Amino acid sequence: MKVINKSDMPFWNHVSELRSRLIKCLLSVIILSCIAYVISDFIIQILAQPKISHMNKINLQVLKITSMFMIKIYISMVVGFMLSMPIMLYQIWRFVSPAIEQKINLSIIIMFMMSTVFFMFGSYFAYTMIVPLSITFFTSLSSTYIPVDYNITLENYMTYVIWIIFVGGLVFQLPIISIIFRKLGVINHKTLANNRRYAILIIFIISALLTPPDPFSQILFVIPLIILYEISILIIRMIK
């Protein structure tokens with residue numbers, strides 16, 4: 001039986017396959033977002049109660065009648081997108097990999113399952129370390145001349161916390177992304193090792209752009225990223 005190489009497929013077949021992959025990604029986000037909406041109150045409670053000593057200074061409030069509904073929709077979509085990351089990465093892999101076979105490779109499934117573990121670990125790290133440190137830093141700033149009350153809208157607070165958590169989960173995908181590029185033949189362990197100094201510089205720049213402006217949060221993101229970079233080198237060294 002002749003196996004069809006994806007590189008020999010007509011252009012419109014590629015377009016059709018891309019559309020199919022995008023639809024699957026969209027459906028996964030919609031389904032998981034609906035599930036997240038059911039437990040949105042629980043998610044809001046967790047995000048609004050981090051272990052921060054200065055949290056008693058913050059008065060969370062809403063300014064519009066529709067605010068709570070829009071917050072729940074926003075949180076549900078973000079959580080649905082986060083939970084869909086492994087599925088979307090898998091669909092991207094199936095589309096861009098020229099040598100992939102029709103049957104599902106067990107190692108590929110394990111790899112994308114591990115992406116969920118890395119994402120959850122990164123999100124947890126950001127929630128327990130970056131969020132408390134950054135909020136404590138900002139709320140500790142006050143004026144010696146006038147009293148300052150931190151009356152923050154719930155939308156603003158949730159957007160800030162979710163962004164930090166999302167960035168934390170995203171940066172912890174570095175080993176998975178490295179494996180994908182290795183399997184596509186784009187990089188190898190020597191490429192990463194020889195360009196370590198440039199990678200560290202890029203890590204500092206990315207951390208400065210994606211994290212709050214306080215230096216402590218940036219350093220807390222830089223350290224695990226450098227460790228993950230070294231782990232990526234070890235992992236792809238073992239990949240044949």
Side-chain angles (χ1 to χ4, degrees), residues 24-52 71-94 104-135 157-183 203 206-207 210-212 216-236 239:
K24 290 177 182 178
C25 293
L26 181 61
L27 285 176
S28 67
V29 173
I30 292 174
I31 293 172
L32 292 173
S33 295
C34 291
I35 296 174
Y37 184 83
V38 176
I39 59 173
S40 58
D41 285 335
F42 178 69
I43 297 174
I44 292 174
Q45 180 183 9
I46 293 176
L47 296 179
Q49 295 179 350
K51 296 180 180 179
I52 303 173
I71 291 170
K72 289 186 177 183
I73 294 293
Y74 169 70
I75 290 177
S76 302
M77 292 177 63
V78 172
V79 172
F81 181 81
M82 289 182 178
L83 296 177
S84 299
M85 287 289 291
I87 299 174
M88 291 188 288
L89 286 174
Y90 178 73
Q91 294 300 327
I92 293 172
W93 165 260
R94 290 297 300 263
I104 298 176
N105 193 320
L106 181 60
S107 63
I108 299 300
I109 295 178
I110 294 175
M111 180 179 68
F112 289 109
M113 288 177 63
M114 288 303 297
S115 72
T116 304
V117 176
F118 277 103
F119 192 90
M120 292 177 64
F121 186 79
S123 299
Y124 180 77
F125 171 80
Y127 176 73
T128 56
M129 296 292 293
I130 308 299
V131 170
L133 184 63
S134 61
I135 292 181
Y157 175 82
M158 288 297 167
T159 300
Y160 177 80
V161 173
I162 289 175
W163 172 250
I164 299 299
I165 293 175
F166 177 74
V167 170
L170 198 61
V171 298
F172 272 65
Q173 296 294 301
L174 181 59
I176 304 300
I177 296 173
S178 299
I179 293 173
I180 293 176
F181 283 133
R182 172 64 184 88
K183 286 186 171 291
I203 286 173
I206 292 176
S207 298
L210 297 181
T211 59
F216 304 105
S217 299
Q218 295 172 10
I219 292 174
L220 282 178
F221 261 120
V222 165
I223 293 175
L225 267 175
I226 294 176
I227 295 174
L228 288 170
Y229 187 85
E230 297 299 329
I231 292 175
S232 300
I233 294 176
L234 295 177
I235 290 175
I236 66 175
I239 297 176

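Throughout, numbering of the chain's residues begins at 1 and tracks the sequence. The shown structure was predicted, so the numbers you read here are calculated from the model rather than taken from an experiment.
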Residue pair I176, M114: steps toward the side-chain contact (heavy atoms from CB on, under 4.5 Å) verdict: CA-CA 8 Å; I176 304 300; M114 288 303 297; 4.2 Å; yes
Identified ring pair (Phe, Tyr, Trp, His ring centres under 6.0 Å) counterpart of F172 within the set F119, F121, F118: F121
S178 side chain to L174 backbone, donor-acceptor under 3.5 Å: yes
Nearest-0.5 Å distance, CG of residue L170 to CH2 of residue W163: 8.0 Å
Nearest atoms (heavy-atom pairs only) where I162 meets M82: O-CE, 3.9 Å
side-chain contact (heavy atoms from CB on, under 4.5 Å) between L47 and I165, intermediate numbers included: CA-CA 10 Å; L47 296 179; I165 293 175; 3.5 Å; yes
Shortest non-hydrogen contact between M77 and S33, atoms and distance: CA-OG, 3.5 Å
Aromatic plane relationship, F166 with F81 - under 30° parallel, 30 to 60° tilted, over 60° perpendicular: tilted
Value rounded to 0.5 Å, distance of CD1 in I73 from OH in Y37: 5.5 Å
S40 (side chain) donor-acceptor with S76 (main chain) under 3.5 angstrom: no
Y127 side chain to I46 backbone, donor-acceptor under 3.5 Å: yes
Where Q173 and G169 come nearest, the two heavy atoms and their spacing: CG-O, 3.5 Å
Distance (rounded to the nearest 0.5 Å) between Q91 CD and L26 CG: 12.0 Å
Smallest separation among heavy atoms of S232 and P175, with atom names: OG-CA, 3.3 Å
Worked check of side-chain contact (heavy atoms from CB on, under 4.5 Å) between V171 and L228: CA-CA 9 Å; V171 298; L228 288 170; 5.6 Å; no
Separation of Y157 OH from I71 CD1 (nearest 0.5 Å): 12.0 Å
Spacing of I231 atom CD1 and L225 atom CG [to the nearest 0.5 Å]: 11.0 Å
Test log, rule side-chain contact (heavy atoms from CB on, under 4.5 Å), inputs I35 and L32: CA-CA 5 Å; I35 296 174; L32 292 173; 4.3 Å; yes
Test item: Y160 side-chain N/O and V131 main-chain N/O as donor-acceptor pair under 3.5 Å: no
